[in-house]
Amino acid sequence: MVLQRVIPNLLTWYGQNHRSLPWRDTQNPYHIWISEIILQQTRVEQGRIYYQKFIDEFPEILDLAQADEQAVLKVWQGLGYYSRARNLQKAAQTIVREMGGVFPHEYDRILSLPGIGEYTAAAIASFAFGMPFAAIDGNVKRWSSRFFGVDIPISKPAFSKMVGPLLQEVIEQTSHPDLFNQASIELGSQVCTVSQPKCEVCPLQASCYAFDKKLQNQLPVVVKKSQPQDWNLHFLAVHHHNEVFIVRRPKPGIWAGLYEFPSLTLPSHEKGFPAAWKQVLGGNLDILHIQRQVHLLSHKRIEASCWNVRWNGEEKPNFRVAGTLLFDASNALDENSELWISLNEIDRYPVHRLMQHFLTNNQHD
DNA sequence: AATGCGGGGTC
DNA sequence: GACCCAGCATT
């Protein structure tokens, strides 16, 4: 096979050029696991600080298994894709309950844990235990499509079906599967980049299809993503004496398990104070100020308004009026889903970036 | 097979 | 803006 011939080049290149990262040079499966979950759809530089925080907060699997979900989400706050944090803890509990508290050494058992798919299972199996499973992430897909000249869109299962066995065949013949995977990923990240790949220094150049045919800019084939959906979202920061009202978002869904001021989705043209709130709170309410913020996610464009109001009634206002939806997350409740807290307690609760923005910039608007 | 799920860096 | 990052779960 063509690839087999240039593997020595690849390993030599990696030995001379790889970055030093906190989760390399360890074989602790727990540490490697945490790093791999953090790095899913997340750049190394963004994940780095979260990795350190997470390990410090939960040094062992047991610490993670026994923690409050809220504490896990709090460490994850701001990183996004919060189901990763919840699955991490679920998996830790499974390991403690069903696997004797020891991270499993078998590929199939690793793969069975929540939050771990084929890529992550292969990465952990090879990095922690030296097992020959080809780890195929976005970096590997990119160089593979160029090297082998595969024009199937890399997001399609058919692409992995085509390339996976080729890489698997090679890794089963190398004496260092862990180094092969590290080098493969690092190559895609540092050399075979999306734009302007550094073919002049690439250890695979001599056998690369795209280099030979000058098709580096045609490969890989990428399916264009759908446009983000507009979302007109209103938040109600209601102050009563020294307290504010927060709610926990339901699972599943965006920001599941995180806290926020109660929010309400309205048709995109409605930018005024929500009528449903006015109807219930109208008489005893002063609107102090409004914060407007456009918040961009990969799949949503959120036009958010945060209404800071003072409630003048003696008793707390009642948000649970029969037949009226006063905020989106007003279902699936337990005792901690709706809370009145003093504003300086908010740091104890995990919140999303948009909520954090409203809290941080509250004095100056 | 397609979609939902965050946030941020780069060009 | 558009792209995409050491993907996975769900439908």
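Keep in mind it's a predicted model, so treat the numbers as computed, not measured. Letters A, B, ... mirror the listed sequences (proteins, then strands); counts begin at 1.
Nucleotides B:dG9 and C:dC8 place their P atoms 23 Å apart, quoted to the nearest Å. B:dG6 and C:dT11: their P atoms are spaced 16 Å apart (whole Å). Using C1' as the reference atom, C:dA6 and B:dT3 are 22 Å apart when rounded to the nearest Å. For the C1' atoms, the distance linking B:dC5 with C:dC4 amounts to 15 Å, nearest Å.
Contact between A:V150 and A:L219 at its shortest, heavy atoms only, is O-CD2, 3.6 Å. Across every non-hydrogen atom of A:S155 and A:V223, the tightest pair is OG-CG2, 4.0 Å. Summarising the geometry of A:C306 relative to A:F261, their closest heavy-atom pair is SG-CD1, 4.0 Å, with the distance given to 0.1 Å.
A:I37 comes within 4.0 angstrom of no nucleic acid atom, judged by non-hydrogen atoms across all strands. Nucleic acid contact for A:E118: sugar-phosphate only, since backbone atoms but no base atoms lie under 4.0 Å from a heavy atom of the residue. At the heavy-atom level, A:Q356 lies nowhere under 4.0 Å from the strands shown. Across all strands shown, A:W76 has no heavy atoms under 4.0 Å from either base or sugar-phosphate atoms. Contacts of A:K156 with the nucleic acid, taken as non-hydrogen atoms under 4.0 Å apart, involve only primed sugar atoms and P, OP1 or OP2. Residue A:G253 is in sugar-phosphate contact alone, with no base atom involved, counting any heavy-atom pair closer than 4.0 Å across all strands shown. Using a 4.0 Å heavy-atom cutoff across all strands shown, A:R353 reaches sugar-phosphate atoms only and no base atom. Backbone-only contact: A:I254 has heavy atoms under 4.0 Å from sugar-phosphate atoms and none from a base. Heavy atoms of A:V44 sit under 4.0 angstrom from at least one base atom. In this structure, A:G78 reaches the sugar-phosphate backbone alone: every heavy-atom distance under 4.0 Å involves primed, P, OP1 or OP2 atoms, never a base. Nucleic acid contact for A:T120: sugar-phosphate only, since backbone atoms but no base atoms lie under 4.0 Å from a heavy atom of the residue. Counting any heavy atom pair closer than 4.0 Å across all strands shown, A:I154 reaches no nucleic acid atom. Across all strands shown, A:R24 has heavy atoms under 4.0 Å from base atoms, whether or not it also approaches the sugar-phosphate. The residue A:P157 sits close only to the backbone: its heavy atoms come under 4.0 Å of sugar-phosphate atoms, none of a base.
Nucleotides of DNA chain B nearest to A:A158 and A:Q40 differ in position, and the one nearer the 5' end is that of A:A158. Between A:L113 and A:S298, the one whose closest nucleotide on DNA chain C sits nearer the 5' end is A:S298. For the pair A:V351 and A:S226, nearest-nucleotide mapping onto DNA chain B gives the more 5' position to A:S226. Along DNA chain C, the nucleotide nearest A:Q182 and the nucleotide nearest A:P114 are compared for position; the residue whose nucleotide lies closer to the 5' end is A:Q182.
Put simply, A:H299 has no side-chain N or O that comes within less than 4.0 Å of OP1 or OP2 on B:dG4. For C:dC5, one of the phosphate oxygens OP1 or OP2 lies less than 4.0 angstrom from a side-chain nitrogen or oxygen of A:R142. Close to B:dG6, at under 4.0 Å from its OP1 or OP2, lies no side-chain N or O of A:H352. Here A:Y82 reaches the OP1 or OP2 of B:dG7: one of its side-chain N or O atoms lies under 4.0 Å away.
Atom CD of A:Q196 is separated from atom C1' of B:dC11 by 9 Å (rounded to the nearest Å). Distance CG (A:L354) to P (B:dG7): 8 Å, rounded to an integer number of Å. One interatomic measurement links the two molecules: NZ of A:K225 to P of C:dA2, which rounds to 12 Å at whole-angstrom precision. In this entry the distance linking CZ of A:R249 with P of B:dG4 reads 15 Å, nearest Å. Distance A:D137 CG to C:dC8 C1': 14 Å, rounded to the nearest Å. For the pair A:Q46 CD and B:dT10 P, the computed distance is 11 Å after rounding to whole Å. Look at CG on A:L297: it is 18 Å from P on B:dT3, rounded to the nearest Å. Atoms CD (A:Q229) and P (B:dG4) sit 7 Å apart, rounded to a whole Å.
A:R249 contributes a side-chain N or O that, together with a main-chain N or O of A:I254, makes up a donor-acceptor pair within less than 3.5 Å.
Side-chain atoms of A:Q40 and A:Y119 form no donor-acceptor pair, as typed in the model, at a separation below 3.5 Å. Side-chain contact, A:Q77 with A:K74: a donor N or O sits under 3.5 Å from an acceptor N or O. Side-chain atoms of A:N232 and A:H269 include no donor-acceptor pair closer than 3.5 Å.
With sequence neighbours excluded, no residue forms a salt bridge (Lys or Arg N to Asp or Glu O under 4.0 Å) with A:D56.
The aromatic rings of A:Y107 and A:F133 sit parallel to each other, their planes meeting at less than 30°, with 60° as the upper class boundary.
The side chain of A:K300 has B:dC5 as its nearest neighbour among B:dC5, B:dG6, B:dG7. With distances taken from any side-chain atom of A:W255 to the nucleotides C:dC8, B:dC5, B:dG7, the minimum falls on B:dG7. For A:I185, whose side chain is taken as the heavy atoms from C-beta onward, the closest listed nucleotide among B:dG7, C:dA6, C:dA2 is C:dA6. For A:S195, taking side-chain heavy atoms from C-beta onward, the closest of the listed nucleotides B:dC11, C:dA6, B:dG7 is B:dC11. Looking at the side chain of A:N139, the nearest of the listed nucleotides B:dG6, C:dA2, C:dA6 is C:dA6.
You'll find a donor-acceptor pair under 3.5 Å spanning the side chain of A:T42 and the base of B:dG6, going by distance alone. Side-chain N/O atoms of A:R43 and base N/O atoms of C:dC4 include a donor-acceptor pair closer than 3.5 Å.
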